[in-house]
Every structure is written in C-alpha cells, then in structure tokens.
There are 2 protein chains.
Amino acid sequence: MADDQGRRAHTGRRRNEEAARAILRAARELLERGDGAGVSVDAIAAAAGVGKQTIYRWWPSKSDLLLDALVEGARGLAPAPDEGDLGSDLAAFLTATFRGARDPAVAAALRQVAAEAQRDPRAAGLLRSFTEDRRRVLRGLLERAAARGELSPAADLDLLVDQAYGVLWYRLLIGHAPLTEAAAAALAAALARQATASP
Amino acid sequence: MADDQGRRAHTGRRRNEEAARAILRAARELLERGDGAGVSVDAIAAAAGVGKQTIYRWWPSKSDLLLDALVEGARGLAPAPDEGDLGSDLAAFLTATFRGARDPAVAAALRQVAAEAQRDPRAAGLLRSFTEDRRRVLRGLLERAAARGELSPAADLDLLVDQAYGVLWYRLLIGHAPLTEAAAAALAAALARQATASP
DNA sequence: TTTTGTCGGAACTAATCGTCTCGACAATCG
DNA sequence: CGATTGTCGAGACGATTAGTTCCGACAAAA
C-alpha cells in the first residue's frame, strides 16, 4: 500500500492514508444517500471524522475529490470488449457503461462534477480529461471494427462516440429517461446499423 | 403591451413592465459577456438598475428568469420544417437548433440552468419541461417522415431524438467540440442513415 | 385624501468553498 | 533523548451567492 513514498529527505509526521480512505468512503456514502442535493465538503469532513484541512491536503478541490470517488466507483468498467464483432462489442460496452452510470454514487458524482464544470474552469478541465479517456476507449473499439472492414467508409467515428455518450449524459443530466440495459442495447443496435449502412 | 391585466379590483401602484424588460435585457447581456462564470442575481439587479425584490416579484427564482431569457433568445427557432423529405428536414432543423444554441447568451443560460437542475429540483422541473417541448417538435418531424414510409420499421423515434439532443447537450456541457453547422449536417445525415437503414 | 401595492436600495439569513489558525501528536534527525 | 518538521482534528474566518425582509418614496385607484 506504500508505493508512492517520496525519495527525498522527509521529516515530520507522515500523511495518514487511512484518513484519505475514510474521506473517499464518506464521500461515496453521502453521494449515494444524497437526495439529489449536492454534497458539501463540510458534510464529507464530518462524516469521515476528519478536519477540512486534511481533505484539502489530499485533494486540491472538491471536484478532484468527487472525480476520485467517481473513478473508484467505476473501476473495472473501463476495458472495451474485443470479440471481433461490432454489434456485440458495442452492446457489451454500452451495457456495462450504462450500468456503471446507474450506480447512485457514480451518477451523483457525475452530475455534481458536470454542474461545477459549468462555473469552474478547473472542474471543466477535470471533467474533460475524464470524458476524453472514456471517448478514447470507445473510439478504439470502433477503430478495430473499421480495421476489420465492418464499417461503411462514410462512418464518422467521432460522431458515433458523441452520439453514444451524448445519450448517456443527456439522460443522466435531464433525467427524462433511465439508463436501462434495454436502452443500451437499443442504442448499440442503432449505432451499429448507422455505422454499417451505406451512404 | 398591456394585455394580461387582471380583471379583479386592483388598487395600488401597478407593476412596471419596463422594469421587467430591463431585467431580462440585463440578464441576456450579462450571460453574453459572462466568461464562463455564472451570473448572479445581484449583478443582474445592479445592471438593470433595479432592486432584487423587483426581480423576485416577477420571477419566483433565478432559474425561471434564466429560462425566460433563454426562451426569448431562442425565439423563432422553434418550428420544424416540413418539406416532405427526412434528410433535408432533419438537416434544416438541426442546423437551426445548433445555431440557436451557439448564441452566447443562449448557451450560457442553457449551461447555467442545467447546472442548477443538478441541485435544485425546481430548476430540474423547469429544464425538463423546456426540453420536453423541444423533443416534441423533433419527434413530430420524425413522425411525419414515418407516416410517409421513409423510416425503417426498426427505427426508434425516441432514441433518435435522444441522440440528436444528446449530441447537442454533450457538446454544450463538456465543451470538447463546437456546435458548428457542419456538425449539425453530419449528425442529420447520420441519423437519417440510421433511421432508414434496414435492420 | 386615504389606501394599497410596487419601486430602488440595502441589510439580513443561510449555505457553501476554500484558507488559516490552533494545540496535539508523530516521525525523523542531531 | 530532545528539537524540528509536518500532519492531525476542530473550527473560525472571508468571500460569494440565492432568496427574504425591511425601508422610505411613489403612483394609482377608491
């Protein structure tokens, strides 16, 4: 567990990783229990039995903390399948992605970070790199299908990625429809039909 | 300009509609000038030369005011074309919609209302009815094409609407790509291909 | 002229993020 | 061992903001 110790001389008390873990755990629990309302840093500190200063010693801002809680909650959902067929790969990936975003803590963190990104350029940058990572995974899946000759030459990979994640974010932030597995499967089928259709 | 006067007995000073117009105008100007940061009610009141009380006499919350400024800014973009061809109707509608959302004041209002909707259920409801209206317009366009037999029986109209507005909101809120006319045209072509492709 | 409700202006409450201070404590160095 | 250094929990503090309330002035109707 102690792998990133600095190599320079270091005197004084060491940071307590247990405190950081307690903070992350409290953040996830509050995000999960939060009834649509935002989670405050004070509430996280109180729930973790920790001073606010300790939070800001580990994370530079609330958005960083929420994004960390997010990444931890979404762990294992990253890899894109590669079974050699666009339709099934896309269905598997979107189903897993929708399922991850349906987790209450993950959904709340995504929504709160997205909300803060509209005001705070720092949060906007964080969210942007997070989404870029996810885009790259899906784009890789599509590129493999294109290399196999499964896609129409008219297919626009970036637009396909926008359509997939667009539906996810749109439903997540507006809330007019749920992120069900059926919706993921239908979206995968629709995108595969579009990508393979001749212009 | 005085068309919605109450019919009941009314004593006392009348509300000054000029003040309401000044407030809306100030809100739009601040949204346009705002550098990504949010617009505060105090700033709007000061810019309009108006007391905050006057703002809250006309609008129950900041979100209502922003949504009003939004609707006023997006006026005239509502109607869906009906030229009898799915491809050109979709391209015209999405181009006009993207152009409307590219207006700085409209974009800022959309982003700020969306951000507040993640915390405030009242703002969420407002945003939901706004988006429902827009969804209905696009859905009507698709239904007319379906009635003309232009769509594959496998086409899912609501999913198509989700994809169109999904790309719009995703780009608007994440900011990884602009809402250009070229993007609108490409999206329209892609959705038309998807909707007409046989399963 | 009196009553009634809006006007601009400003003080006020409450929530929130992030900074700073405090005494206590732990780890390292001399 | 003892001094130094940096983290700990706890909380005060400044800044910002949404929304409420009070104030004296004013306008429109009774």
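What you see is a predicted model, and the numbers here were worked out from it, not measured in a lab. By convention in this document, chain letters (A, B, ...) are assigned in the order of the sequence lines, proteins followed by strands, and residues within each chain are numbered from 1.
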Next item on the list: For Lys52(A) and for Trp58(A), find the nucleotide of DNA chain D with the closest heavy atom, then tell me which residue's nucleotide is more 5'.
Entry: Trp58(A)

Checklist line | DNA chain C: 5'-proximal contact among Ser63(A) and Val50(B) (nearest heavy atom) | finding: Val50(B)

Check: What is the nucleic acid contact for Gly38(A), judged by heavy atoms within less than 4.0 Å: base, sugar-phosphate only, or nothing?
Finding: nothing

Item checked: Side chain of Arg57(B) - closest among dC8(D), dG19(D), dT6(C) -> dT6(C)

Next item on the list: Could you tell me the separation between the CD atom of Glu17(A) and the P atom of dT7(D), rounded to a whole number of Å?
Entry: 13 Å

Note to self: By nearest heavy atom, map Arg119(B) and Asp42(B) onto DNA chain C; which one lands nearer the 5' end?
What the structure shows: Asp42(B)

Next item on the list: Mind calculating the distance between CG (Asn16(A)) and P (dA27(C)) to the nearest angstrom?
Entry: 10 Å

Notebook entry, point to check: Of all the choices, dG18(C), dG19(D), dT7(D), which nucleotide is nearest to the side chain of Arg13(A) once you look at every atom?
Noted result: dT7(D)

Note to self: If you compare every side-chain N and O of Arg14(A) against the phosphate oxygens of dT28(C) (OP1, OP2), does one of them come in below 4.0 Å?
What the structure shows: yes

Check: For dG9(D), does either OP1 or OP2 sit under 4.0 Å from a side-chain N or O belonging to Thr54(A)?
Finding: yes

Checklist line | Among dC26(D), dG8(C), dT7(D), the one nearest Ala19(B) by side-chain distance | finding: dG8(C)

Notebook entry, point to check: Is any side-chain heavy atom of Asp64(A) closer than 4.5 Å to a side-chain heavy atom of Leu126(A)?
Noted result: yes

Note to self: Counting distance alone, no hydrogens or angles: does the base of dT21(D) have a donor or acceptor under 3.5 Å from a partner atom on the side chain of Gln53(B)?
What the structure shows: yes

Check: Do Val161(A) and Arg134(A) have side-chain heavy atoms sitting under 4.5 Å apart?
Finding: no

Checklist line | Value in whole Å for how far the P atom of dT17(D) lies from NZ of Lys62(B) | finding: 8 Å

Margin query: Does any part of the side chain of Ser61(B), heavy atoms only, come nearer than 4.5 Å to the side chain of Glu116(B), both counted from C-beta?
Written below: no

Notebook entry, point to check: Rounded to whole angstroms, how far apart are CD1 on Ile55(A) and P on dG18(C)?
Noted result: 11 Å

Next item on the list: Please report the closest heavy-atom contact between Leu179(B) and Arg102(B), naming both atoms and the distance.
Entry: O-NH1, 2.7 Å

Next item on the list: Decide yes or no for Leu65(B) and Trp58(B): does some side-chain heavy atom of the first lie under 4.5 Å from some side-chain heavy atom of the second?
Entry: no

Notebook entry, point to check: Does a side-chain N or O from Arg15(B) land closer than 4.0 Å to OP1 or OP2 of dC7(C), or not?
Noted result: no

Next item on the list: Round to the nearest Å and state the distance from Glu116(B) atom CD to dT17(D) atom P.
Entry: 12 Å

Checklist line | Separation of dG9(C) C1' from Ile44(B) CD1 (nearest whole Å) | finding: 17 Å

Next item on the list: Would you mind reading off the distance between Tyr56(B) atom OH and dG9(C) atom P, rounded to a whole angstrom?
Entry: 17 Å

